[in-house]
Amino acid sequence: MVSQENIRNIAIIAHVDHGKTTLVDEMLKQGGIYRENQTTVDRVMDSGDLERERGITILAKNTSVRYKDTKINIVDTPGHADFGGEVERILKMVNGVLLLVDAAEGPMPQTRFVLQKALELGHKVIVVVNKVDKPDARIEEVMDEVLELLLDLNATDEQFNSPTVFCSGRQGTASYGPGEQGKDLVPLFETIVNYIDPPKGDAEGPLQLLVSSIDYNEYVGRIAVGRIERGTIKVNQEVAICDYHNPEKKQKGKVVALYAFDGLGKAPIQEASAGEIVALSGMADITIGRTLCAVDNPEPLPFVKISDPTIEMTFAVNDSPFAGREGKFVTSRNLRDRLEKELLKDVSLHVTEASTDAFNVAGRGEMHLSILMETMRREGFEFSVSTPRVLTKTIDGKLCEPIERMVADVPEECVGAVIEKMGRRKGDLLSMTPMGSRYRLEFMVPSRGLFGYRSEFLTDTRGEGIMSSVLASYAPMKGEIERRLTGSLIAFETGEAVTYGLGGAQERGALFIGPGTPVYAGMVVGICSRNEDMTVNVCKRKQLTNMRASGSDDAIRLVSPKVFSLEQCLEFLADDELLECTPKSLRIRKRELDHGLRMRELMKKRNQE
C-alpha cells in the first residue's frame with residue numbers, strides 16, 4: 001500500500017482542443033510507464049473509436065504515473081461543454097486541478113464552467129499554459145486573462161496566487177518562466193508534488209468510499225471507481241451501500257476484486273487505504289453517487305449536484321416502410337434497455353417514457369445526444385429521433401429558457417456576417433476583442449438559437465471560424481426564432497431513384513441521394529430552393545416510344561448529392577420531420593408520410609392563421 005503522504009490526486013481540466021490528452025501522453029512516457037522499446041500511440045487515453053475519429057475526449061478516464069516516491073493519480077477529462085457532467089462528478093475524486101490553457105486562444109467558455117466547479121469545491125489550482133511553442137502564442141495576455149477569470153469566479157487568495165507552469169505538451173517540456181526553454185516535464189511534476197496537498201482521511205476509521213465513476217467489463221460486470229475518503233478496503237470485505245439523498249435505502253455488498261490504477265491499466269491489489277483511487281467489482285447494481293461504508297457505521301457522503309440537461313429529443317421505434325431491414329435491435333424493449341444502461345454511467349442524461357414505444361431523452365447539448373445516437377447505431381440499434389427541443393423552467397412565474405455564452409474566433413472580414421446571423425437568432429453581443437488579424441466575439445444567445453447554426457457559421461467564416469458555447473443562465477423566453485429558410489424535397493412514391501427522375505428534381509434544389517437509392521413516399525430527398533416543401537418524383541422513368549427526335553436524348557448530368565453527417569441531419573430537421581437512424585443509413589422523413597394528409601393539415605393550419 002502507498003502511504004497517504006506519497007499520493008497526489010489531480011484532474012486535468014481545459015477547453016476542447018487545448019492539449020490535455022497530449023500532455024497526459026508525455027506525463028505517462030516520462031513517468032516510466034512504457035518500456036524503452038515499447039511502441040506507443042498518440043492520445044493513448046482517447047481509447048474509444050468515436051474519440052479517435054473526432055479527436056475529442058468524451059469520457060473521463062483514470063491513469064497514474066510515478067515521480068520519485070510519489071504516485072500521481074491523474075483523471076483526464078473531456079473539454080467539450082456537452083460532456084460537462086463527466087467533469088463535475090469526478091472533481092470529488094481529486095484534491096487539485098491542472099487548469100490547462102492554450103497559449104494562443106486563452107481561457108474559453110468550458111474553461112470558465114469547469115474551473116468554477118473546482119473553485120467551489122475549494123481545490124488547489126495549478127495553471128498550465130500549454131502550446132508555448134506556437135508561433136501565435138501570446139503568453140503575457142493569456143496569463144492576464146486567467147487572472148481576470150479567477151477574479152471573476154471569486155477565487156480565494158490562495159487560488160488567485162496559484163503557481164503557473166509553461167508547457168509544450170507535444171514536445172514534452174515544461175519550465176517555470178515564459179522565456180525559459182524546458183528540457184522535460186520535471187518542473188510540472190515538482191509543482192504537483194510540492195503544491196497539491198496529499199489526500200486527508202483517517203486510515204484507521206470506518207470505511208467511506210464515494211463512487212464517482214462506473215466502468216463495465218463483460219466478464220466481471222460493473223466496476224465502481226472512487227476515492228477512499230476514510231478507512232481501509234480489502235478484498236472479500238462486506239460493505240453497506242448507502243445513498244445520501246435516500247438515507248433509508250441501504251444494501252449489503254461484497255468486494256470481489258480490488259484494483260489500483262497503474263499506468264494505463266489496473267493492477268489487482270488486496271487492500272487500499274484512505275486517499276487512494278481504486279476500482280472494485282462484485283456489486284451488480286452499484287451506481288454513481290452511492291457511498292460504500294463499513295457495515296456497522298453507514299455514513300453516506302454528499303454527492304455533487306449535476307447541472308440539469310438543457311435540450312430534449314424523442315427516441316422512438318422506427319416505423320418507416322424500411323423499418324427492420326438494417327438494424328439488429330429494433331423493438332421498444334431493446335431501446336428501453338439500452339437507454340437505461342446509458343443512464344447508469346452518464347449522470348447528466350435524463351430519460352422519461354413518452355409512450356409505449358417512444359422515450360424523451362434529455363442531455364446537455366446536441367453533441368451529447370448525437371454521440372449517444374452514433375454509439376447506438378454502431379451497436380446495431382435502429383430508431384427514429386425528433387428535432388431537438390429546449391427544456392424551459394418557470395422562475396418567479398415567468399417561463400424561462402436556457403441562455404448560452406457563445407464565444408467565436410473569426411477572421412476580421414467575417415465579423416459582420418456572424419453578428420448579423422446572431423442578431424436574427426436573438427443573440428446579444430457582449431464583447432468584441434481584436435486578436436491579431438482575428439476578432440473574438442462573445443454573445444449571450446438562447447440555446448435554441450444555436451440549433452443548426454454551426455454549419456452556417458462555418459460557411460460564413462469560410463471554415464476558419466472557431467465557436468464554442470456553455471450554459472450561462474436561464475432568462476425569460478426571447479420570442480420566435482426562424483430556424484430554416486428553405487423547404488424540403490419529398491419523394492412522391494416508393495421505389496428506386498433513377499437518373500431521369502433525379503434530373504428533374506435537381507432543378508428544384510440540392511439532392512441528398514443518387515441513382516439506385518431506395519426511397520419511400522414521404523422521405524426527404526433534398527433541400528428545396530424555396531421556403532416551402534415540394535413533392536418530387538425521383539422514381540420517374542422516361543417513357544420509351546418508337547418515335548425519336550434528334551437531340552432529345554441528351555445525357556442528364558447529375559450534381560453530386562449532399563451527404564450529411566449525423567449532426568448536420570439534426571441541424572436540418574424541421575419540426576414536422578424525423579431522422580431515421582440505422583447502422584447503415586441516416587434518412588430524413590416527414591412524420592406524416594401520406595401526401596394527402598400532409599396537404600390537409602397544411603390547409604387547416606393556413607386557415608387558422
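Quick caveat: nothing in here was measured; it's all calculated off a predicted structure.
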- All side chain to side chain contact (heavy atoms under 4.5 Å, CB included) counterparts of D576, not counting sequence neighbours: D533, A574, K590

- Donor-acceptor pair between E404 and S447 side chains, under 3.5 angstrom: yes

- Message: Rounded to the nearest 0.5 Å, what separates atom CG in L372 from atom CG in L339?
- Response: 6.5 Å

- Message: Between E592 and D594 (side chain of the first, backbone of the second, donor and acceptor by atom type, cut-off under 3.5 Å), is there such a pair?
- Response: yes

- Modelled atom types, side-chain donor and acceptor of E577 and T387, under 3.5 Å: no

- Query: Is the CD atom of E480 crowded by more than 12 outside heavy atoms at less than 6.0 Å?
  - Reply: no

- Quick one: does R587's side chain have a donor or acceptor within less than 3.5 Å of a partner on E580's backbone? no

- Item | Contact check, side chains of R589 and V524, non-hydrogen atoms, under 4.5 Å | no

- Taking the six-membered ring for Trp and the full ring for Phe, Tyr or His, determine whether the centres of F359 and F383 are under 6.0 Å apart. no

- Message: Checking D428 against K478 for the salt bridge (charged side-chain N to carboxylate O under 4.0 Å, His left out) test, could you report, in this order, the C-alpha distance in whole Å, the side-chain angles of both residues, the deciding distance, and whether it holds?
- Response: CA-CA 11 Å; D428 298 326; K478 294 210 171 191; 2.9 Å; yes

- Query: Side chains of K421 and E456: does their closest heavy-atom pair fall under 4.5 Å?
  - Reply: yes

- Query: What pair of heavy atoms forms the shortest contact from F457 to G465, and how long is it?
  - Reply: CE2-C, 3.5 Å

- Query: How about L586 and C581: do any of their side-chain heavy atoms sit closer than 4.5 Å?
  - Reply: yes

- Query: Backbone N or O of G449 within a donor-acceptor pair of the R425 side chain at under 3.5 Å?
  - Reply: yes

- Query: Short question: side chain of E382, backbone of G324 - any donor-acceptor pair under 3.5 Å?
  - Reply: yes

- Task: Could you go through the salt bridge (charged side-chain N to carboxylate O under 4.0 Å, His left out) check for E567 and R454 one step at a time?
- Result: CA-CA 9 Å; E567 274 92 357; R454 192 171 292 274; over 6 Å; no

- Query: Counting only N and O atoms by type, is there a donor-acceptor contact under 3.5 Å from the side chain of R377 to the main-chain atoms of T582?
  - Reply: yes

- Message: Is it the case that over 12 heavy atoms from other parts of the model lie below 6.0 angstrom from the CZ atom of R591?
- Response: yes

- Task: Name the orientation class of the two ring planes belonging to F572 and F512 (parallel below 30°, tilted from 30 to 60°, perpendicular beyond 60°).
- Result: perpendicular

- Task: Look at the side chain of Q608 and the backbone N and O of K605, then say whether any donor-acceptor pair between them is shorter than 3.5 Å.
- Result: no

- Are side-chain N/O atoms of S386 and R389 paired as donor and acceptor at under 3.5 Å? yes

- Query: Under 4.5 Å between any side-chain heavy atoms of V361 and L369, yes or no?
  - Reply: yes

- Message: Closer than 3.5 angstrom, by distance alone: can the side chain of D396 be matched with the main-chain N or O of K398 as a donor-acceptor pair?
- Response: no

Would you give me the side-chain donor-acceptor pairs under 3.5 Å for residues 490-510, sequence neighbours excluded?
from : atom 1 : to   : atom 2 : distance (Å)
T494 : OG1    : A521 : N      : 3.2
Q506 : OE1    : V559 : N      : 3.0
Q506 : NE2    : R557 : O      : 2.8

